A.B. asks: 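The structure under discussion is supplied below as structure tokens; questions concerning it will follow.
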Amino acid sequence: MEKLLRKKTTILFFTVPALLFYTAIVFVPILFSIYYSFFSWDAISPRKYVGLDNFVRMFTKDDVFVTSVKNMLFLTVTSIVFQQVLGFMLAVFITSRIKGKEFFKNVYFFPAVISSVAVGMLWTFIYDPGIGLLNGFLGLIGLGSLQHQWLYEPATAMWAITTVVSWQYVGYTMILYVAAIQNVPGEIFESARIDGAVGWRLVRTMTIPLVRPIIKVSTVLITIGSLKFFDLVFVMTRGGPADSTTVLALHMYSRSFSQLEYGYGDALAVVLLAMCLAATMIIHAIFRKSEVEY
Amino acid sequence: MTTPQASNARVRIGTAAIYAILGIGAMAYIYPLLWLLLNSLKETPQIFENPWSLPSRWMWSNYPNAWTTGQVSTYLFNSVLMTAATLTVVLLLSAMAAFSLTKLRWKASKWTLLYVLIGFMVPVHATLIPLFVNFTKLHLVDSQFGLILIYIAFGLPSAILVLCGFLTAIPNEMMEAAVMDGCSMYGVFWRIVLPISSSALMTVTILSFVGVWNELLLALIFLTDQGKFTLPVGLTRFSDLYTTDYAPMFAAVMIATIPTIVLFAVFNKRVLAGMAEGAIKG
């Protein structure tokens with residue numbers, strides 16, 4: 001048995017195909033991206049080493065980059081707040097003693113599996129000044145003064161977009177909390193109830209500490225998702241009006257594949273990569289620091 | 001102290017409030033879809049006149065219009081093809097790798113798993129330009145085959161992770177018994193490991209399906225011929241084609257959404273469990 005498990009050819013046969021794919025298409029290109037980010041390189045002129053110029057240019061001369069980072073942070077913070085608060089609240093409600101749990105769970109969750117392109121188009125229709133559901137609704141209830149050209153005004157566009165993100169993914173966050181709450185043995189909640197903990201107190205003293213690992217997982221998921229954010233902005237605004245809703249991934253995409261500035265595009269990609277890794281590590285560190293034993 | 005009656009009343013009010021909140025929330029999900037459906041069956045001028053009403057003439061023809069003129073049928077076919085091909089290879093290769101990483105004995109297996117995990121944290125953007133440049137040289141740009149290769153590579157890390165988590169928890173006795181009966185390692189993999197992993201493979205299928213079926217960025221970059229577009233890319237081109245002719249666009253969004261909704265309706269328990277598990281394991 002032992003000999004069979006250590007046989008080299010068997011090990012190679014099972015491992016190599018996956019590793020080959022992964023190494024050639026994921027790992028090696030990352031190294032090349034980092035390497036290329038130190039070059040000035042576009043589709044016309046040859047590659048030229050420029051050191052850190054791309055990065056310096058990004059932070060000093062590229063206003064769109066600065067806007068995109070701001071928007072990314074805006075999306076991250078609003079998504080964390082909306083999705084964590086609403087997702088947790090919905091999970092507590094759904095796991096309480098009500099009928100129709102499955103129905104509500106499915107209704108809230110299904111947008112998370114639908115393509116962001118379809119969701120983005122649906123919401124573009126909803127926000128549309130001419131045919132849109134939202135302005136129509138505001139007019140109907142006598143709040144016509146609040147009507148906006150939601151996606152075409154810089155002041156409202158990012159809020160309009162982040163609302164859609166949360167609409168689409170709050171159910172996902174909710175599902176994670178529901179799974180965690182249902183994993184807690186029922187007796188724990190029962191004994192807490194007998195001790196007199198009900199309502200908000202039960203949630204605060206029992207539920208929140210018990211779902212703590214999920215707070216971390218969902219914070220990481222939401223943060224990484226926000227940093228990589230692309231689809232909805234591409235579909236709904238293409239970064240407009242006047243770049244006010246651009247995000248780093250979209251900026252990187254248009255620099256690289258519309259303007260064909262490969263070197264600069266790669267520098268933007270490297271910044272995005274660094275942000276994702278840093279965010280993951282920071283969140284893990286924050287939660288490790290305050291880890292409590294039960 | 002509250003009397004039992006008072007606390008009963010409070011619980012009832014609380015429950016009513018919960019139903020009210022959940023109900024209003026549910027409307028925010030159901031109504032937009034209903035609105036989309038109704039408008040997909042109108043004539044465009046009527047959408048402008050009154051986006052709230054029922055269709056005055058039921059324009060079922062919006063659907064064939066989007067399906068053929070709008071090429072949704074082509075996009076749908078391409079999406080099915082790409083997803084099916086990617087899923088098949090990802091399932092097979094990730095199961096093989098996970099088997100090797102958890103059950104076979106070799107020194108570097110821990111490091112290899114860690115190496116694969118890097119891919120789980122890396123955004124696809126960090127690979128785009130080198131991939132695009134090299135794929136252009138290899139004539140793999142604007143090729144469905146080329147894009148499938150990329151989808152496979154990016155699908156592997158999370159799949160391997162989920163399957164490794166599952167397989168480590170499986171005891172080795174069944175494998176050992178099979179080997180005693182003269183089964184080779186390849187036989188063990190086909191006849192024992194794959195069948196017992198079916199629930200984990202289902203999770204991987206769901207995660208990969210959602211990932212590939214909805215993927216936009218890579219498809220946008222690596223496909224240029226409209227005949228090769230997947231649904232997400234195809235839909236983004238719809239607004240260029242129809243500009244203000246909204247009705248077929250509503251119909252196209254409906255058509256693109258229906259397969260996912262149907263699959264979700266059929267497998268919803270598994271999908272919910274799979275998505276939660278995938279996230280938590282990761």
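Just so it is clear: chains get the letters A, B, ... in the order the sequence lines come, proteins before strands, and each one is counted from 1. Computed from a predicted model, the values in this text were never measured in an experiment.
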A.B. asks: Would Leu22(B) and Leu90(A) satisfy side chain to side chain contact (heavy atoms under 4.5 Å, CB included), going step by step from the backbone distance to the final call?
C.D. replies: CA-CA 8 Å; Leu22(B) 288 178; Leu90(A) 288 174; 3.6 Å; yes
A.B. asks: Please state whether the side chain, the backbone, both or neither of Ser94(B) comes within less than 4.5 Å of a heavy atom of chain A.
C.D. replies: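 The answer is neither part of Ser94(B).
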A.B. asks: Select one option (side chain, backbone, both, neither) describing which atoms of Thr10(A) are under 4.5 Å from chain B's heavy atoms.
C.D. replies: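 Both parts, backbone and side chain.
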A.B. asks: Which donor-acceptor pairs under 3.5 Å do the side chains of residues 118-127 of chain B make with protein atoms, sequence neighbours left out?
C.D. replies:
| unit_1 | atom_1 | unit_2 | atom_2 | d |
| --- | --- | --- | --- | --- |
| Thr127(B) | OG1 | Val124(B) | O | 2.7 |

A.B. asks: Evaluate the ring-ring contact (aromatic ring centres under 6.0 Å, His included) criterion for residues Tyr186(B) and Phe14(A): first the C-alpha distance (whole Å), next the side-chain angles of each, then the deciding distance (0.1 Å), finally the verdict.
C.D. replies: CA-CA 9 Å; Tyr186(B) 308 100; Phe14(A) 281 107; 5.7 Å; yes
A.B. asks: Checking Leu263(B) against chain A: side chain, backbone, both or neither under 4.5 Å from a heavy atom?
C.D. replies: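 Neither part; nothing is under 4.5 Å.
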A.B. asks: Quick check on Ile206(B) against chain A: is it the side chain, the backbone, both or neither that has a heavy atom closer than 4.5 Å?
C.D. replies: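 It is neither, since no heavy atom gets under 4.5 Å.
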A.B. asks: When only pairs under 4.5 Å are counted, which of Val90(B), Val233(B), Leu220(B) shares the most heavy-atom pairs with chain A?
C.D. replies: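 Heavy-atom pairs under 4.5 Å are most numerous for Leu220(B).
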A.B. asks: Side chains of Phe109(A) and Asn268(B): closer than 4.5 Å at any heavy-atom pair?
C.D. replies: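 Side chain of Phe109(A) against side chain of Asn268(B), heavy atoms only: no contact under 4.5 Å found.
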A.B. asks: Could you look at Val188(B) and say if it's the side chain, the backbone, both or neither that has a heavy atom under 4.5 Å from chain A?
C.D. replies: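 Neither part, no heavy atoms under 4.5 Å.
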A.B. asks: Working note: Leu235(B) + Met121(A), criterion side chain to side chain contact (heavy atoms under 4.5 Å, CB included); need CA distance, chi angles, decisive distance, verdict.
C.D. replies: CA-CA 9 Å; Leu235(B) 280 184; Met121(A) 286 178 79; 3.8 Å; yes
A.B. asks: Using a 4.5 angstrom heavy-atom cutoff, name the option from Val119(A), Asp266(A), Leu277(A) with the most pairs to chain B.
C.D. replies: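 Winner by heavy-atom pair count: Asp266(A).
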A.B. asks: At a heavy-atom separation under 4.5 Å, does Leu156(B) approach chain A through its side chain, its backbone, both, or neither?
C.D. replies: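 Interface part for Leu156(B): side chain.
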A.B. asks: Drop me the distance from Leu272(B)'s CG to Ile175(A)'s CD1, to the nearest 0.5 angstrom.
C.D. replies: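 Rounded to the nearest 0.5 Å, the CG-CD1 separation comes to 4.5 Å.
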A.B. asks: Heavy-atom distances under 4.5 Å only: say whether Pro157(B) touches chain A with side chain, backbone, both or neither.
C.D. replies: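 Only the side chain of Pro157(B) comes within 4.5 Å of chain A.
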A.B. asks: Write down the atom of Tyr172(A), the atom of Met275(B), and the distance for their closest heavy-atom approach.
C.D. replies: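 What the structure gives for the nearest pair is OH-O, 3.3 Å.
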A.B. asks: With only heavy atoms counted, which part of Lys99(A) is less than 4.5 Å from chain B, the side chain, the backbone, both or neither?
C.D. replies: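 Both backbone and side chain of Lys99(A) come within 4.5 Å of chain B.
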A.B. asks: For Leu19(A), is it the side chain, the backbone, both, or neither that has a heavy atom closer than 4.5 Å to a heavy atom of chain B?
C.D. replies: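 Contact with chain B involves the side chain of Leu19(A) alone.
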A.B. asks: Locate the shortest heavy-atom distance separating Val116(B) from Tyr22(A); write the atom from each residue and the value.
C.D. replies: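 For Val116(B) versus Tyr22(A), the nearest heavy atoms are O-OH, 3.5 Å.
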A.B. asks: Write down the atom of Trp167(A), the atom of Ala28(B), and the distance for their closest heavy-atom approach.
C.D. replies: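 In terms of heavy atoms, the two residues are closest at NE1-O, 2.9 Å.
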A.B. asks: Mind ranking Tyr36(A), Phe137(A), Phe27(A) by heavy-atom pairs under 4.5 Å with chain B and telling me who comes out on top?
C.D. replies: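 Maximum pair count with chain B is reached by Phe27(A).
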A.B. asks: Give me the atom names and distance for the closest heavy-atom approach of Pro32(B) to Ile126(A).
C.D. replies: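 Minimum heavy-atom separation between Pro32(B) and Ile126(A): CB-CD1, 3.8 Å.
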A.B. asks: Picking from Leu122(A), Val178(A), Leu140(A), Thr124(A), which has the most non-hydrogen pairs under 4.5 angstrom with chain B?
C.D. replies: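 Maximum pair count with chain B is reached by Leu122(A).
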A.B. asks: Between Ser184(B) and chain A, with a heavy-atom cut-off of 4.5 Å, which part of the residue counts as in contact: side chain, backbone, both or neither?
C.D. replies: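 When you check distances to chain A, no heavy atom of Ser184(B) falls under 4.5 Å.
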A.B. asks: Please identify, among Ile114(A), Leu133(A), Val16(A), Val270(A), the residue contributing the most non-hydrogen atom pairs under 4.5 Å to chain B.
C.D. replies: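 Of the options given, most contacts go to Leu133(A).
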A.B. asks: Identify which of Phe104(A), Phe125(A), Tyr262(A) forms the greatest number of heavy-atom pairs closer than 4.5 Å to chain B.
C.D. replies: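 Top count of heavy-atom pairs under 4.5 Å with chain B: Phe125(A).
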A.B. asks: Chain A heavy atoms under 4.5 Å from Leu231(B): which part of the residue, side chain, backbone, both or neither?
C.D. replies: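 No part of it gets close to chain A.
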A.B. asks: Counting heavy-atom pairs under 4.5 Å to chain A, which of Ile261(B), Thr15(B), Ile21(B), Leu101(B) comes out on top?
C.D. replies: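 Of the candidates given, the most pairs with chain A belong to Ile21(B).
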A.B. asks: Using distance only, find each side-chain donor-acceptor pair of residues 222-235 of chain A under 3.5 Å and give its atom names and separation, not counting sequence neighbours.
C.D. replies:
| unit_1 | atom_1 | unit_2 | atom_2 | d |
| --- | --- | --- | --- | --- |
| Thr223(A) | OG1 | Thr219(A) | O | 2.6 |
| Ser226(A) | OG | Ile222(A) | O | 2.7 |

A.B. asks: Just wondering, do Leu128(B) and Tyr253(A) contact through their side chains at under 4.5 Å, heavy atoms?
C.D. replies: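 Result no, sub-4.5 Å side-chain heavy-atom pair not found.
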A.B. asks: Could you tell me which portion of Ile131(A) (side chain, backbone, both or neither) has an atom closer than 4.5 angstrom to a non-hydrogen atom of chain B?
C.D. replies: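 For Ile131(A), heavy atoms of backbone and side chain both lie under 4.5 Å from chain B.
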A.B. asks: Please find the pair of heavy atoms, one from Ser256(A) and one from Ile129(B), that lie closest to each other, and give the distance.
C.D. replies: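 Closest heavy-atom pair between Ser256(A) and Ile129(B): OG-CD1, 3.4 Å.
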A.B. asks: Kindly say whether Asn106(A) contributes a backbone atom to a donor-acceptor pair with the side chain of Tyr29(B) at under 3.5 angstrom?
C.D. replies: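 It does not hold such a pair.
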A.B. asks: Against chain A, label Tyr115(B) side chain, backbone, both or neither, depending on which of its atoms sit under 4.5 Å from a heavy atom there.
C.D. replies: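 Both backbone and side chain.
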A.B. asks: Please classify the contact between Lys103(B) and chain A as side chain, backbone, both or neither, with a heavy-atom cut-off of under 4.5 Å.
C.D. replies: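 For Lys103(B), the contact with chain A is made by the backbone alone.
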A.B. asks: Looking at Leu86(A), Leu272(A), Ile11(A), which makes the most heavy-atom pairs under 4.5 Å with chain B?
C.D. replies: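 Sorted descending by pairs with chain B, the first entry is Ile11(A).
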A.B. asks: Counting only non-hydrogen atoms closer than 4.5 Å, does Pro111(A) touch chain B with its backbone (N, CA, C, O), its side chain (CB onward), both, or neither?
C.D. replies: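 Answer is side chain: those atoms of Pro111(A) sit under 4.5 Å from chain B.
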A.B. asks: Please report the closest heavy-atom contact between Met185(B) and Leu5(A), naming both atoms and the distance.
C.D. replies: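 For Met185(B) versus Leu5(A), the nearest heavy atoms are CE-CD2, 3.6 Å.
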A.B. asks: Kindly indicate, with the supporting measurements, whether the criterion side chain to side chain contact (heavy atoms under 4.5 Å, CB included) is fulfilled by Leu12(A) and Trp106(B).
C.D. replies: CA-CA 10 Å; Leu12(A) 288 177; Trp106(B) 45 298; over 6 Å; no
A.B. asks: Working note: Tyr246(B) + Asp128(A), criterion side chain to side chain contact (heavy atoms under 4.5 Å, CB included); need CA distance, chi angles, decisive distance, verdict.
C.D. replies: CA-CA 11 Å; Tyr246(B) 283 103; Asp128(A) 190 286; 2.9 Å; yes
A.B. asks: Give, as side chain, backbone, both or neither, the part of Phe264(B) having an atom under 4.5 angstrom from any heavy atom of chain A.
C.D. replies: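 Contact with chain A involves the side chain of Phe264(B) alone.
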